[in-house]
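Basis for what follows: all heavy atoms, side chains included, without hydrogens, waters or symmetry-related copies.
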Amino acid sequence: MPKFLSYTAVAAISLAFAGEAMATEWNVSLWGKRRAFTEHVEKLAELVSEKTNGDFTLNISYGGLSNNRENLDGISIGAFEMAQFCAGYHRDKNPTITVLELPFLGVETLEQERELSMALYDQPSVKADLARWNATLLMPSPMPQYNLVGLGDAPRSLDDFKGLSVRATGGIGSAMEAVGAVPTSMSATEVRQAMDSGVVKAVAFAPHAHMSFGTIENAKWWTSNLNPGTVNCPVVANTDALDGLSDEHREALLGSIDESLDYYIDNYQNNTLEAWGPALEERGIEVISFDEASLEKFEEAVAGPAAATWIEEMGSRGIPAEELYDFATSTLAELKGGS
């Protein structure tokens, strides 16, 4: 055995340790199980690993790191580096982005939802809002309009919603309350048990969630065109962790967001929505459609008052609410004009 190593051997060992030191692992907190709602995060992890030859990896956990309502708290203390959450789960923690959960905002496509969210996330007041949690907004989780799956007698008119107990968060909850329903906010992982036990008679979800969380397994009806709104569920990074990345790793992460969202939307449109109709038919679930007059009445009763209440409430907290609302509505109008 030689008593010393050659210069070449020392250099090789030094490079090996340097390479090991450069490797980065991020923990990512999601919930439920892998589904259409998380495919952009899965794709992001795949792309980041490919671009860095495995030197930067995203370790995705479904419920193993945090409760979904506490993901933003976990980000704030650096318990993990990336997470997904829904604004309606905790309006007080992220008030600025709840403007995108207002009922009847008018978003018609997943692509509009994507572009509108990304534009709002770039607003200074929104960035400052999330900075309170040491969080940087990376990308949305675009979803179509929510509709209700329910038990018991199907609602045939807006009056039939009176007294109906329904799981609905954010602006959708406000919309349901306006027609006399009794909205309850609970996390997605709790809804099946709530339906089975009779705590709620209906659940407002996008199609992927109805399938993923089992609400259609014992449901009797589905409202195909109520379309009261959707929820906004961003993916965020811990700002310190993001700032601490090497230039190469940061570019691999941020430079993969557009492709990840493209993949997400393609998957949702061509797989999830294609499977939705057959899933309802297989289970004998009745599809309820409301006439135009009823839908217009619903929107008139809900949209204006909800927006006015939101602007007043958020404005009283020092948030530039009217500015954010005007930005959201004008940006959406531009997106529709260009589509």
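Side chain of Arg167 to main chain of Met186: a donor-acceptor pair is present (N/O by atom type, distance under 3.5 Å, no hydrogens or angles). Checking side-chain atoms of Ser61 against main-chain N and O of Val28 turns up no donor-acceptor pair under 3.5 Å. The backbone N or O of Glu217 lies less than 3.5 Å from no partner atom in the side chain of Arg283, so there is not a single donor-acceptor pair. The backbone N or O of Ala45 lies less than 3.5 Å from no partner atom in the side chain of Ser49, so there is not a single donor-acceptor pair. The backbone N or O of Ala241 sits less than 3.5 Å from a side-chain atom of Asn238, completing a donor-acceptor pair. No donor-acceptor pair closer than 3.5 Å links the side chain of Thr331 to the backbone N or O of Ala328. No donor-acceptor pair under 3.5 Å is formed between the side chain of Trp222 and the backbone N or O of Leu280. In this structure a side-chain-to-backbone donor-acceptor pair under 3.5 Å is present from Asn147 to Asn227. In this structure, the side chain of His40 engages the main chain of Pro140 through a donor-acceptor pair within 3.5 Å. Proximity of a side-chain donor or acceptor of Gln112 to a complementary backbone N or O of Glu108 within less than 3.5 Å is detected.
Rounded to the nearest 0.5 angstrom, Glu70 CD and Leu72 CG are separated by 11.0 Å. Considering CG of Leu30 and CG of Asn71, their distance stands at 7.5 Å, rounded to 0.5 Å. Interatomic distance, Leu110 CG to Leu273 CG, rounded to the nearest 0.5 Å: 7.0 Å. Between atom CE of residue Met139 and atom SG of residue Cys233 there is a gap of 12.5 Å, rounded to the nearest 0.5 Å. Within the model, atoms OG1 of Thr239 and NZ of Lys127 stand 11.0 Å from one another, a figure rounded to the nearest 0.5 Å. Between atom CG of residue Leu261 and atom OG of residue Ser256 there is a gap of 11.0 Å, rounded to the nearest 0.5 Å.
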- Task: Start with the C-alpha gap between Thr24 and Asp55, add the side-chain angles, then the distance that decides, and say whether side-chain contact (heavy atoms from CB on, under 4.5 Å) holds.
- Result: CA-CA 6 Å; Thr24 301; Asp55 282 340; over 6 Å; no
- Message: Does Leu116 form a side-chain contact (heavy atoms from CB on, under 4.5 Å) with Leu120? I'd like the steps, not just the answer.
- Response: CA-CA 6 Å; Leu116 177 59; Leu120 188 84; 5.5 Å; no
- Item | Worked verdict on Phe327 versus Ser125 for side-chain contact (heavy atoms from CB on, under 4.5 Å) | CA-CA 12 Å; Phe327 177 83; Ser125 59; over 6 Å; no
- Message: Could you go through Val235 and Leu44, starting from their C-alpha distance and side-chain angles, then the distance that decides it, and tell me whether this counts as side-chain contact (heavy atoms from CB on, under 4.5 Å)?
- Response: CA-CA 11 Å; Val235 176; Leu44 187 66; 5.6 Å; no
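Side-chain atoms of Ser185 and Thr169 include no donor-acceptor pair closer than 3.5 Å. Looking only at atom types and distance, the side chain of Ser141 has a donor-acceptor partner in the side chain of Gln84 under 3.5 Å away.
Here Lys201 pairs with nothing under the salt bridge (Lys or Arg N to Asp or Glu O under 4.0 Å) rule; sequence neighbours left out. Applying the side chain to side chain contact (heavy atoms under 4.5 Å, CB included) test to Arg250 and every residue at least two apart in sequence or in another chain returns Leu242, Leu245, Asp247, Leu254. Partners of His210 under the ring pair (Phe, Tyr, Trp, His ring centres under 6.0 Å) rule, at least two apart in sequence or in another chain, are Phe205, Trp276. Looking at residues two or more places apart in sequence or on another chain, you find a side chain to side chain contact (heavy atoms under 4.5 Å, CB included) between Thr189 and Trp31, Asn68, Ser187, Phe213. Legend: residues meeting salt bridge (Lys or Arg N to Asp or Glu O under 4.0 Å) with Lys43, ordered by chain and number and at least two apart, are Glu46. In terms of the side chain to side chain contact (heavy atoms under 4.5 Å, CB included) criterion, residue partners of Ser212 (sequence neighbours excluded) are, by chain and number, Lys33, Arg35. Among residues two or more places apart in sequence or in another chain, the side chain to side chain contact (heavy atoms under 4.5 Å, CB included) test is passed with Glu101 by Ala87, Val231, Asn232. Remark: Phe298 engages Phe104 in a ring pair (Phe, Tyr, Trp, His ring centres under 6.0 Å) (not counting sequence neighbours).
Grouping the Ile, Leu, Val, Met, Phe, Trp and Tyr side chains by contacts below 4.5 angstrom, directly or via other members, places Leu295 with Leu148. Both Ile60 and Leu65 are members of a single hydrophobic cluster when ILVMFWY side chains are connected at heavy-atom separations under 4.5 Å. Hydrophobic clustering of Ile, Leu, Val, Met, Phe, Trp and Tyr side chains at less than 4.5 Å, counting indirect connections, unites Tyr121 with Leu332. Note: the hydrophobic cluster containing Tyr146 does not contain Val99 (ILVMFWY, side chain heavy atoms under 4.5 Å, direct or indirect links). Leu105 and Val179 fall into different hydrophobic clusters, where Ile, Leu, Val, Met, Phe, Trp and Tyr residues are linked whenever their side-chain heavy atoms come under 4.5 Å apart, directly or through other members.
Sorted by first and then second residue, the salt bridge (Lys or Arg N to Asp or Glu O under 4.0 Å) pairs with a member in residues 255-268 read Arg114-Asp258, Arg114-Asp262; sequence neighbours excluded. Identified under the salt bridge (Lys or Arg N to Asp or Glu O under 4.0 Å) test for residues 168-192, with sequence neighbours left out: Arg192-Asp196. Applying the disulfide bond (SG atoms under 2.5 Å apart) rule to pairs touching residues 268-299 yields nothing, sequence neighbours excluded. The salt bridge (Lys or Arg N to Asp or Glu O under 4.0 Å) pairs that include a residue from residues 298-322 are Arg91-Glu313, Asp92-Arg317, where partners are two or more places apart or lie in different chains.
The closest side-chain heavy-atom distance from Ile75 to Phe85 is not below 4.5 Å.
Residue Gln193 qualifies as open at atom CD: its count of foreign heavy atoms under 6.0 Å is 12 or below. Within a 6.0 Å sphere centred on NZ of Lys51, other residues, nucleotides and ligands contribute more than 12 heavy atoms. Within 6.0 Å of atom OH in Tyr325, 12 or fewer heavy atoms from other residues, nucleotides or ligands are found, so the atom counts as exposed in its surroundings. More than 12 heavy atoms of other residues, nucleotides or ligands sit less than 6.0 Å from atom CG of Asp240.
Between Ala36 and Tyr268 the shortest heavy-atom distance is CB-CD1, 3.9 Å.
Using the six-membered ring where Trp is involved, Trp26 and Phe56 have ring planes that are perpendicular, over 60° apart on the 30 and 60° scheme.
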